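One structure is given here, and the rest of the page talks about it.
Since the structure is predicted, the reported quantities are computational estimates derived from the model, not experimental observations.
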Amino acid sequence: MKYAIQSKGDDRSNETRDKIIRCFEEYQIEYDDENPDIVITVGGDGTLLHAFHQYVNTLDKIAFVGVHTGHLGFYADWRTTEIEELVHKIVHDPLRIVKYPLLEVIIKYNNGKPDERYLALNECTVKSEVGSVVMDIRIKDDLFETFRGDGLCISTPSGSTAYNKSLSGAIIHPSIEAIQLAEMASINNRVYRTIGSPLVMPKEHVCKLYPLKNSKYHISIDHIFLIHNDVKSIHCRVAPEKIQFARIRSFPFWNRVRDSFIGRKRDI
């Protein structure tokens with residue numbers, strides 16, 4: 001087994017990274033940034049997002065584990081005080097792998113430029129550089145609505161607790177292979193009308209966005225922000241790839257949701 005570590009870069013995270021390396025050295029486990037079997041992130045959920053995109057082309061060969069050096073995260077659930085236990089379990093215990101769905105985003109252009117394909121762990125957002133976003137939304141190639149507003153957010157189940165939640169989207173368990181479309185400040189009046197509710201689509205359905213005006217679009221893929229010109233359409237669906245997490249101990253998803261947004265369970 002080979003491992004790699006990605007640190008947030010602050011002093012506490014770097015100290016934790018160094019401690020993890022020392023623990024693995026005691027077991028003579030090889031460090032390999034290029035071809036690891038397991039990637040340990042030290043920091044928070046943002047650190048794991050960075051690691052995901054660094055290894056996005058080898059997801060089928062890698063399992064991720066997150067250590068948090070701040071608040072408990074959805075992807076980082078080990079504490080800095082548990083490093084020895086974590087390394088011992090990685091080395092000696094069979095790893096249980098859980099897989100989460102990802103979002104595939106394909107951007108097509110009018111000018112003959114080749115399509116661009118991206119994978120998102122959390123979400124993709126679409127905003128216009130100037131003015132409102134005006135787009136036809138097609139589901140399974142059928143016109144669903146014409147959207148006018150600030151933008152759109154397409155999220156994965158694991159990303160449903162991120163930006164999507166701030167848009168009043170539903171929280172979806174990551175065992176469900178689906179994507180969710182949420183509106184940002186849609187325009188609704190006697191002339192323009194949208195559904196006004198988040199849409200949850202199964203993996204068999206492709207959601208296609210067709211711009212109705214030429215504009216530069218700010219398109220984010222997780223933490224990566226890009227500007228695209230002359231966009232013909234944006235195709236979103238559940239990706240064939242999945243991210244793999246090494247679940248070394250049980251930490252149910254709904255417990256994460258409760259602890260993150262409500263607080264730890266109180267004794268009654």
Side-chain angles (χ1 to χ4, degrees), residues 45-46 49 74 101-111 113 115-172 176-239 257 261:
D45 286 347
L49 282 173
F74 277 88
L102 300 172
L103 170 66
E104 177 189 77
V105 179
I106 297 176
I107 303 174
K108 297 178 178 288
Y109 302 90
N110 289 309
N111 55 13
K113 180 181 175 182
D115 298 350
E116 295 188 15
R117 181 180 186 266
Y118 302 93
L119 292 178
L121 176 55
N122 272 1
E123 73 274 308
C124 166
T125 65
V126 181
K127 300 178 182 179
S128 177
E129 185 176 57
V130 179
S132 298
V133 170
V134 183
M135 289 186 168
D136 278 347
I137 297 176
R138 291 183 173 270
I139 302 175
K140 295 184 66 179
D141 286 324
D142 291 328
L143 179 63
F144 181 79
E145 69 178 16
T146 298
F147 172 83
R148 293 171 175 83
D150 285 357
L152 295 163
C153 174
I154 307 95
S155 61
T156 66
S158 55
S160 66
T161 56
Y163 194 5
N164 169 77
K165 184 177 182 297
S166 70
L167 298 171
S168 298
I171 295 177
I172 302 176
I176 299 172
E177 295 187 75
I179 59 173
Q180 183 170 184
L181 176 69
E183 301 176 354
M184 302 177 196
S186 60
I187 298 172
N188 282 283
N189 52 37
R190 288 184 296 176
V191 179
Y192 305 124
R193 180 64 54 187
T194 67
I195 192 68
S197 298
L199 303 177
V200 178
M201 289 164 273
K203 65 178 181 178
E204 298 84 6
H205 293 186
V206 180
C207 179
K208 300 179 181 179
L209 313 177
Y210 289 88
L212 296 183
K213 64 177 184 178
N214 292 325
S215 177
K216 290 183 179 179
Y217 287 93
H218 291 259
I219 300 176
S220 74
I221 306 295
D222 293 329
H223 61 286
I224 303 169
F225 291 86
L226 308 163
I227 295 179
H228 294 265
N229 293 302
D230 208 18
V231 175
K232 179 181 179 180
S233 60
I234 303 168
H235 298 198
C236 301
R237 65 165 183 161
V238 175
V257 173
F261 298 114

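- A side-chain donor from one of Ser220 and Thr125 sits under 3.5 Å from a side-chain acceptor of the other.
- Considering all non-hydrogen atoms of both residues, Ile176 and Pro157 come closest at O-CG, 3.1 Å.
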- Message: If you apply the rule side-chain contact (heavy atoms from CB on, under 4.5 Å), what do you find for Ile234 with Ile106, and how did you get there?
- Response: CA-CA 6 Å; Ile234 303 168; Ile106 297 176; over 6 Å; no
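- More than 12 heavy atoms of other residues, nucleotides or ligands sit less than 6.0 Å from atom NZ of Lys213.
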- Task: Determine, stepwise, if the pair Tyr109 / Glu116 fulfils side-chain contact (heavy atoms from CB on, under 4.5 Å).
- Result: CA-CA 9 Å; Tyr109 302 90; Glu116 295 188 15; 3.4 Å; yes
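- Considering only heavy atoms from C-beta on, Asp136 stays 4.5 Å or farther from Leu209 through its side chain.
- For Glu145, the salt bridge (Lys or Arg N to Asp or Glu O under 4.0 Å) criterion is met by no residue, not counting sequence neighbours.
- Across every non-hydrogen atom of His205 and Ile139, the tightest pair is ND1-CG2, 4.2 Å.
- Between Lys208 and Asp141, at least one side-chain nitrogen of the basic residue sits less than 4.0 Å from a carboxylate oxygen of the acidic one, meeting the salt-bridge criterion.
- In terms of heavy-atom proximity, Val134 sits nearest to Tyr217 at O-OH, 4.3 Å.
- Take Lys216 and apply the salt bridge (Lys or Arg N to Asp or Glu O under 4.0 Å) test, not counting sequence neighbours, and it matches no residue.
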Check residues 193-204 and write down every donor-acceptor pair under 3.5 Å in which the side-chain atom is one partner and the other belongs to a residue at least two apart or another chain.
residue	atom	partner	partner atom	Å
Arg193	NH2	Asn189	O	3.3
Thr194	OG1	Glu183	OE1	3.1
Thr194	OG1	Glu183	OE2	3.3
Thr194	OG1	Ser186	OG	3.3
Thr194	OG1	Asn188	OD1	3.4
Thr194	OG1	Asn188	ND2	3.2

- Query: Could you go step by step and tell me if Met184 and Leu167 meet the side-chain contact (heavy atoms from CB on, under 4.5 Å) rule?
  - Reply: CA-CA 7 Å; Met184 302 177 196; Leu167 298 171; 3.9 Å; yes
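- Within the cation-pi definition used here (under 6.0 Å to the ring centroid, within 45° of the axis), Lys165 qualifies as a partner of Phe261.
- Contact record, Leu119 with Ile221: O-CG2, 3.4 Å, taken as the closest heavy-atom pair.
- Under the 4.5 Å side-chain criterion, counting only non-hydrogen atoms from C-beta, Ile179 is in contact with Cys236.
- Nearest heavy-atom pair, Ile187 versus Ser132, reported as atom, atom and distance to 0.1 Å: CD1-OG, 3.9 Å.
- Heavy atoms only, all atoms of each residue included: Lys108 and His235 are closest at CE-CE1, 3.3 Å.
- Counting non-hydrogen atoms of neighbouring residues, nucleotides and ligands closer than 6.0 angstrom, the CZ atom of Phe144 exceeds 12 such neighbours.
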